[in-house]
Amino acid sequence: MIPVDYHLHTSLCGHASGGIEDYLNQAVSKGIREVGFSDHFPLYFLAPGETIPDYAMAENQLPLYVELVQQSARVSPLRVKLGIEVDYVPGFEKKLAFELAAYPFDYVTGSVHFIDGWGFDNPAEIGEYSKRELRLVYEQYFKLVQQAAMTGLFDVMAHPDLVKKFGFRPECDLTPLYEETARVFKKAGVCLEVNSAGLRYPAREIYPAPTLLAIFYQHAIPITLGSDAHNPEQVGAGLDEALRLVRSAGYKEITLFNRRNRSFVRI
Ligand code: ZN
Ligand code: FE
Ligand code: FE
Ligand code: ZN
């Protein structure tokens with residue numbers, strides 16, 4: 001039994017497919033009790049007129065997204081939560097705080113997908129890895145994740161080691177960086193998302209890696225669970241494996257959110 005999947009996208013972002021009802025039907029058939037949509041928040045950090053095609057919902061689609069999720073919550077047999085996945089880009093915190101406050105989100109998930117404008121998880125920008133020193137890429141990535149956590153804008157930090165997505169891994173020991181990240185998460189009071197999408201990519205590993213999850217557990221960082229589904233078939237995919245991983249790390253509960261307040265479900 002999968003208790004929850006808190007990372008579902010919708011076709012509004014431009015690179016996911018299927019209707020909200022299709023995602024929910026799949027969740028029902030997989031025996032998932034509670035789901036949360038967390039589609040890509042509008043790109044608040046771009047200059048006026050600038051755009052990244054098919055990356056996120058447009059600003060004027062946000063009210064529709066909220067309405068569609070709320071409407072499905074009213075009719076679905078599942079508990080349906082209103083989340084959102086927000087790219088963290090330093091320097092726009094005030095603007096973002098203002099925009100987030102306008103909607104009754106159950107939880108806000110913070111993601112780092114850009115290192116100084118480099119979309120490091122975008123297949124089109126994969127060539128950049130070979131031009132950089134991987135140790136520095138990882139350091140920059142985790143510093144941004146830490147900075148995002150400390151803004152206080154996010155309840156959950158998504159796919160905490162996304163930088164491994166394409167399988168580029170530095171040879172150095174990442175433990176100090178992991179330890180520092182866990183300490184910052186503790187101080188910031190954020191949850192981390194255990195995200196099964198890494199299984200679908202060359203990393204072939206859940207985010208976070210078992211060694212990183214063990215460190216988060218030592219620091220008593222609460223977890224959520226998400227498949228990062230971009231089509232209905234992906235709902236719940238890999239979450240059985242994610243549950244095995246978190247149980248073997250020692251976790252006994254998963255965090256749930258309602259209007260940004262936490263509760264817990266035993267696993
Ligand atoms: Zn996406
Ligand atoms: Fe993401
Ligand atoms: Fe996502
Ligand atoms: Zn994501």
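Read the numbers this way: they start at 1 and go in the same order the structure lists the ligands and their atoms.
- Between R259 and D106 there is no salt bridge, since none of the side-chain N atoms of the basic residue sits less than 4.0 Å from a carboxylate O of the acidic one.
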request  = Go through E128 and R132 one step at a time and tell me if the salt bridge (charged side-chain N to carboxylate O under 4.0 Å, His left out) criterion holds.
outcome  = CA-CA 7 Å; E128 188 67 22; R132 299 194 182 204; 2.8 Å; yes
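- The Fe ion (ligand 3) has no N, O or S atom of D39 under 2.8 Å away, backbone or side chain.
- Between the Fe ion (ligand 2) and H40 there is no N/O/S contact shorter than 2.8 Å.
- Coordination check, H230 versus the Zn ion (ligand 1): passed, since an N/O/S atom of the residue sits under 2.8 Å.
- The local environment of CD in E171 is sparse, with at most 12 non-hydrogen atoms from other residues, nucleotides or ligands closer than 6.0 Å.
- The atom of H113 nearest to the Fe ion (ligand 2) is NE2, with the search restricted to N, O or S atoms.
- At the Fe ion (ligand 3), the angle from OE1 in E85 to NE2 in H7 is 80° when rounded to 10°.
- Side-chain contact, E59 with Y44: no donor N or O sits under 3.5 Å from an acceptor N or O.
- Ring centers of F257 and F105: at least 6.0 Å apart, outside the cut-off.
- Counting just the N/O/S atoms of H40, the one with the shortest distance to the Zn ion (ligand 1) is named NE2.
- At a cut-off of 2.8 Å, H159 does not coordinate the Fe ion (ligand 3) through any N, O or S atom.
- We find the CD-NE2 distance between E193 and H7 to be 5.5 Å, quoted to the nearest 0.5 Å.
- The atom of H15 nearest to the Zn ion (ligand 1) is NE2, with the search restricted to N, O or S atoms.
- Note on ring orientation: taking the six-membered ring where Trp is involved, the planes of H9 and H230 are parallel (angle under 30°, cut-offs 30° and 60°).
- Counting backbone and side-chain atoms alike, D228 contributes no N/O/S atom closer than 2.8 Å to the Fe ion (ligand 2).
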